[in-house]
Amino acid sequence: MAGVHPSAIIEDGATLGEGVTVGPFCHVGGDVTLADGVELKSHVVVGGQTTVGAGTVIFPFAVIGEIPQDLKFKGEATRLEIGARNRIREHVTMNTGTEGGGGVTRVGDDGLFMAGCHVAHDAQVGDRVILVNNCALAGHCVVEDDVIIGGLSGVHQWVRIGRGAIIGAVTMVTNDVIPYGLVQAPRGELHGLNLVGLKRRGVDRSDITALRAAFQMLAQGEGAFQERARRLGAETDSAYVQEIVDFVLGDSDRSFLTPER
């Protein structure tokens, strides 16, 4: 087993792809699959029915694929699926799913999970997501592509965070966040749009202008938040604005963080 340190424990049944590196004192369970080029630095635990995508690097003392922190869990067979080219830093924890939550925790590609982050059971995390140090996602959360969540922040169970949103540091997010939203303050307030992120991704100026106008309508229009979103959907020709409308009108178990009037 080239690339496996003599002190590492690889249980029977584990599958290791080409070019996998397993460092000192790692433990890889028998139901784990490490795709080509995965690197476990040292003292990494990967257990459960877990797959780790190609090129992902996991740093010391991370615990990946352990059972959920959920008292309803009774040992049923559930999974953790991690995509390609992720960077999972020291002391990160990611749990498998639960039967009641669909049975699968998923993490997309090209993410950065900084030291001490937690991804709980049944969370669905998209591509290019950044969780800053000691950020915690509770069970059943949905975090779409290109989201950044600041350090020491917590996301309540079942919350959805739309694509391209940014959450400030030391923030508690208890309700859904619209795509491209900017959330900050201790109890999570929707203060505007992630304009810096939009510009960095090269979004056209006309689309940014449309998003700003849409945000003002959501903040100051007549009627309930969903009613304003429906009117916005009938009036817009921007795909970015339509994404916000579809998100607001989609299924959710939470209410929304809404703009201040």
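Contact annotation: the side chain of Leu40 approaches that of Val28 to within less than 4.5 Å [non-hydrogen atoms, C-beta and beyond]. Side chains of Glu222 and Arg231 form a contact here, defined as non-hydrogen atoms less than 4.5 Å apart. The closest side-chain heavy-atom distance from Asn95 to Gln69 is below 4.5 Å. For the pair Thr50/Ile64, a side-chain contact is recorded, criterion being any heavy-atom separation below 4.5 Å from C-beta on. Annotation: side chain of Glu189 is not in contact with side chain of Gln184 (no heavy-atom distance under 4.5 Å).
The nearest pair of heavy atoms linking Val132 to Cys117 is O-SG, 3.2 Å. Residue Val129 comes nearest to Asp146 through the heavy atom pair CG2-N, 4.3 Å, listed as atom of the first residue, atom of the second, then distance. Closest heavy-atom contact between Gly223 and Arg228: O-NE, 2.9 Å. Closest approach of Pro68 and Thr96 over heavy atoms only: CG-O, 3.4 Å. Annotation for Ala138 and Ala120: closest pair C-CB, 3.5 Å, computed over non-hydrogen atoms. Between Leu232 and Ala214, the shortest heavy-atom distance links the atoms CD2-CB, 3.6 Å.
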Salt bridge (Lys or Arg N to Asp or Glu O under 4.0 Å) evaluation trace for Arg163 with Glu243: CA-CA 9 Å; Arg163 183 162 75 104; Glu243 188 174 349; 2.9 Å; yes
Leu198/Ile208 under side chain to side chain contact (heavy atoms under 4.5 Å, CB included): CA gap, chis, key distance, verdict = CA-CA 7 Å; Leu198 290 165; Ile208 292 177; 4.2 Å; yes
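Under 4.0 Å is where a charged nitrogen must lie from a carboxylate oxygen, and between Lys41 and Glu39 at least one such pair does. Using a cut-off of 4.0 Å between Lys/Arg side-chain N and Asp/Glu carboxylate O, Lys74 and Glu76 are scored as not salt-bridged.
Side chain of Gln216 to main chain of Ala213: no donor-acceptor pair is present (N/O by atom type, distance under 3.5 Å, no hydrogens or angles). Put simply, the side chain of Thr171 never gets that close to the backbone of Ile167: no donor and acceptor are under 3.5 Å apart. No side-chain donor-acceptor contact under 3.5 Å links Asp31 to the backbone of Gly48. In terms of modelled atom types and a separation under 3.5 Å, the side chain of Asn194 and the main chain of Tyr180 share no donor-acceptor contact. Between the Asp122 side chain and the Thr98 main chain, a donor and an acceptor come within less than 3.5 Å of each other. The main-chain N or O of Gly30 is found under 3.5 Å from a side-chain atom of Glu11 such that the two form a donor-acceptor pair. When atom types are taken as modelled, the side chain of Arg89 and the backbone of Pro60 share no donor-acceptor pair closer than 3.5 angstrom. Judged by distance alone, the side chain of Asp204 and the main-chain N or O of Ser206 form a donor-acceptor pair under 3.5 Å. Side-chain atoms of Arg85 do not come within 3.5 Å of backbone N or O of Ala54 as any donor-acceptor pair. Judged by distance alone, with hydrogens and angles left aside, the side-chain atoms of Thr93 form no donor-acceptor pair with the main-chain N or O of Val63 at under 3.5 Å.
A donor atom on one side chain and an acceptor atom on the other are not found under 3.5 Å apart for Thr51 and Thr33.
Val142 and Leu137 fall into different hydrophobic clusters, defined by Ile, Leu, Val, Met, Phe, Trp and Tyr side-chain heavy atoms under 4.5 Å apart, directly or through other members. There is no path of hydrophobic side-chain contacts, each under 4.5 Å, that joins Val173 to Val170. Two different hydrophobic clusters hold Ile130 and Val183 under the rule that ILVMFWY side chains link at heavy-atom gaps under 4.5 Å. Residues Leu190 and Leu195 are members of one and the same hydrophobic cluster, defined by side-chain heavy-atom contacts under 4.5 angstrom among Ile, Leu, Val, Met, Phe, Trp and Tyr. The cluster map of Ile, Leu, Val, Met, Phe, Trp and Tyr, joined by side-chain heavy atoms under 4.5 Å apart, puts Leu257 and Phe225 in the same cluster.
We find the CD-CG distance between Gln226 and Leu249 to be 7.0 Å, quoted to the nearest 0.5 Å. Here His118 contributes atom NE2 and Leu131 contributes atom CG; the two are 11.0 Å apart, rounded to the nearest 0.5 Å.
Within a 6.0 Å sphere centred on CD of Gln157, other residues, nucleotides and ligands contribute more than 12 heavy atoms. Arg212 CZ: 12 or fewer foreign heavy atoms inside a 6.0 Å radius.
Because its NZ or CZ atom is both nearer than 6.0 Å to the ring centre of Phe247 and within 45° of the ring axis, Arg160 counts as a cation-pi partner of that residue.
Between His121 and His140, the ring planes are perpendicular. Angles over 60° get that label, and only those under 30° would be called parallel.
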